[in-house]
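Single-structure report; data block below.
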2 protein chains.
Amino acid sequence: MKYNLSQSEENYLKSIYNLIDKTKSSLINTNLIADDLKTKASSVSEMIKKLSEKELIEYKKYKGSQLTENGNAIAVQVIRKHRLWETFLVEKLNFEWDEVHEIAEQLEHIKSIKLTNKLSEFLGHPKFDPHGDPIPNEKGIFPKQHFVINLKQVKQGQFAEVVNIGSDNKNLLIFLTKNNIGIGTKIKCVDIYDFDDSIKIELMDKRTLILSKKVIKNINVKLN
Amino acid sequence: MKYNLSQSEENYLKSIYNLIDKTKSSLINTNLIADDLKTKASSVSEMIKKLSEKELIEYKKYKGSQLTENGNAIAVQVIRKHRLWETFLVEKLNFEWDEVHEIAEQLEHIKSIKLTNKLSEFLGHPKFDPHGDPIPNEKGIFPKQHFVINLKQVKQGQFAEVVNIGSDNKNLLIFLTKNNIGIGTKIKCVDIYDFDDSIKIELMDKRTLILSKKVIKNINVKLN
DNA sequence: TATAATTTTTAGGTTAACCTAAAATTATAT
DNA sequence: ATATAATTTTAGGTTAACCTAAAAATTATA
């Protein structure tokens, strides 16, 4: 179990992991990966073949890819590093949450298990990163999370608390910050507009705000 | 002045910078670089040609290489990152000084000026890294150093203080640690053995120790 | 100073990761 | 059910960074 993968290979594994997570489907299409990694389907086909020869991906031609146990374990460790570094950047270096993704994309490929573990320790073994994403431990175990739902599931009149932002889009994050929405923010759903799937929310300070469908899609909450 | 260099290209610039420093010569031989980077002379020739087309290296065939102003500036920034990360690893994550070089070799290529500056700030803008090497600032200016000489220059009876170890060799660093020699250690030269260029030193606790020529070569001191 | 030794460069090849275009396969729609 | 559309793979090409071996240039030596 001594893989020495290139950054590219790690990125493919991570992408597949994230796409499984996002799409809740176990077989990931080649085009989806290509899209996610901003590369071409032909490049993906090639890489998938290589990774399946290394037994990190399970794949039958034309049928889509999934991760093997080993592939999954590696992806999880890359994600662990990504989220630990994001936490470091925000907590220790005072970066804004919209600035860290890009830098963490680089840092996640640093190869040193000892570094990762010491970093985690230094940060106090954080369970969630600045976007509310759970941070797996050295063994790949994720922390337990409260029951998380998407904001669009919240009914009129219900109270909820933001626990996670499901996107690294800089402008979305800046928008949320400007409107005082962050991890832990408590909100009330005061109105639902069916015609465009937007909603009106109320913050603790009684300020109200209309959120578009696209914004809502990326806000995950727990009910209060 | 917006270069986007590969890790390899950065390594070549850094290597030339370090070799200029070490050899005190302004023209660096192709073979020296090959040796330093554990690559072949033919690869170096190729890369040198490329970097001189980018005007980062000044070079005439068969005559050796030197850095242009731009090449030097880039090398210094890579070195800045290397030394800041080494400091972080030792000061904040409690790594030993013999463990950090390898990891810093990876971290030095992370591209984010903002990260570098925030890291420096987080560390309190350190002037020297764990091996006593000076850390240049954002503008590439190195801190002033006291007059530094090599340990072999110290005469019998003189007192000196270790300010710098001129090697990243793990075993050398472990050896020094085991013998209570580190940056800031005060020593007295009690004997010089001409026949093998070794010396006997005395530490503050009166313990004496014989150091070989190779060890001495890598210990730089200031006289006290 | 001519010859030998060393150093450096060039020529030509390999590998990883990308690409475009064409072919193969699968999915969709009439 | 078959034609069309979409997806995926294959074929063949490019680039960066390495390599070996041979050629060229420089340096050292007899």
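All values below come from the heavy atoms of this structure, side chains included, with hydrogens, waters and symmetry mates left out. In what follows, chains carry the letters A, B, and so on, assigned in the order in which the sequence lines appear, proteins first and then strands, with residues in each chain numbered from 1. Because the structure is a prediction, the values reported are computed rather than measured.
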Are a donor atom and an acceptor atom from the side chains of Ser198(B) and Asp196(B) found within less than 3.5 Å of each other?
-> yes
Within the structure, does a side-chain N or O atom of Ser43(A) lie under 4.0 Å from either OP1 or OP2 of dC19(C)?
-> yes
Listed pairs under 3.5 Å, donor-acceptor, residues 123-146 of chain B side chains, sequence neighbours left out:
from: His125(B); atom 1: ND1; to: Ser120(B); atom 2: OG; distance (Å): 2.8
from: Asp129(B); atom 1: OD1; to: His131(B); atom 2: N; distance (Å): 2.8
from: Asp129(B); atom 1: OD1; to: Gly132(B); atom 2: N; distance (Å): 3.1
from: Asp129(B); atom 1: OD1; to: Asp133(B); atom 2: N; distance (Å): 2.9
from: His131(B); atom 1: ND1; to: Glu86(B); atom 2: OE1; distance (Å): 2.9
from: His131(B); atom 1: NE2; to: Trp97(B); atom 2: O; distance (Å): 3.0
from: Asp133(B); atom 1: OD1; to: Asn164(B); atom 2: ND2; distance (Å): 2.6
from: Asn137(B); atom 1: OD1; to: Lys139(B); atom 2: N; distance (Å): 2.8
from: Asn137(B); atom 1: OD1; to: Gly140(B); atom 2: N; distance (Å): 3.1
from: Asn137(B); atom 1: OD1; to: Ile141(B); atom 2: N; distance (Å): 3.0
from: Glu138(B); atom 1: OE1; to: Asn117(B); atom 2: ND2; distance (Å): 3.4
from: Glu138(B); atom 1: OE2; to: Asn117(B); atom 2: ND2; distance (Å): 3.2

Separation of dT7(D) P from Asp35(A) CG (nearest whole Å) | 10 Å
Atom CD1 of Ile48(B) and atom C1' of dT10(C): how far apart are they, to the nearest Å?
-> 14 Å
Going 5' to 3' through nucleotides 21-28 of chain C, assign each nucleotide B (protein heavy atom under 4.0 Å from a base atom), S (under 4.0 Å only from sugar-phosphate atoms) or - (no protein heavy atom that close).
-> B--BSS--
Roughly, in whole Å, what's the span from NZ in Lys40(B) to C1' in dG13(C)?
-> 15 Å
N/O (side chain, Asn31(A)) to phosphate O (OP1/OP2, dA6(D)) under 4.0 Å | no
Can you establish whether the number of heavy atoms outside Glu102(A) located under 6.0 Å from its atom CD is more than 12?
-> no
Using only side-chain N and O atoms of Asn29(B), determine if any of them is under 4.0 Å from OP1 or OP2 of dT8(C).
-> yes
What dot-bracket string describes DNA chain D from 5' to 3', counting Watson-Crick and G-U wobble pairs whose defining distances are under 3.5 Å, with [ ] for crossing pairs and | for pairs to another strand?
-> ||||||||||||||||||||||||||||||
Non-neighbouring partners of Glu10(A) that pass salt bridge (charged side-chain N to carboxylate O under 4.0 Å, His left out), sequence neighbours left out = Lys111(A)
Neighbours of DNA chain D within residues 5-19 of chain A, by heavy-atom distance under 4.0 Å | none
Could you check whether the rings of Phe88(B) and Trp85(B) sit parallel, tilted or perpendicular, using 30° and 60° as the cut-offs?
-> perpendicular
Side chains of residues 52-67 of chain B: which donor-acceptor partners sit under 3.5 Å, not counting sequence neighbours?
from: Ser52(B); atom 1: OG; to: Ile48(B); atom 2: O; distance (Å): 3.3
from: Ser52(B); atom 1: OG; to: Lys49(B); atom 2: O; distance (Å): 3.0
from: Lys54(B); atom 1: NZ; to: Glu9(B); atom 2: OE2; distance (Å): 2.7

Met47(B) atom CE is separated from dC19(D) atom C1', nearest whole Å, by 14 Å
Determine whether the side chains of Asn169(B) and His101(B) contain a donor N or O and an acceptor N or O closer than 3.5 Å.
-> no
Interatomic distance where CD1 belongs to Ile28(A) and C1' belongs to dT8(D) [whole Å] = 15 Å
Please state how far atom CD in Glu46(B) lies from atom C1' in dA11(C), giving the value in whole angstrom units.
-> 11 Å
Rounded interatomic separation in angstrom, taking NZ from Lys60(B) and C1' from dT9(C) = 17 Å
Answer yes or no: does a side-chain N or O of Ser45(B) lie under 4.0 Å from OP1 or OP2 of dT9(C)?
-> yes
Are there more than 12 heavy atoms of other residues, nucleotides or ligands under 6.0 Å from atom NZ of Lys170(B)?
-> yes
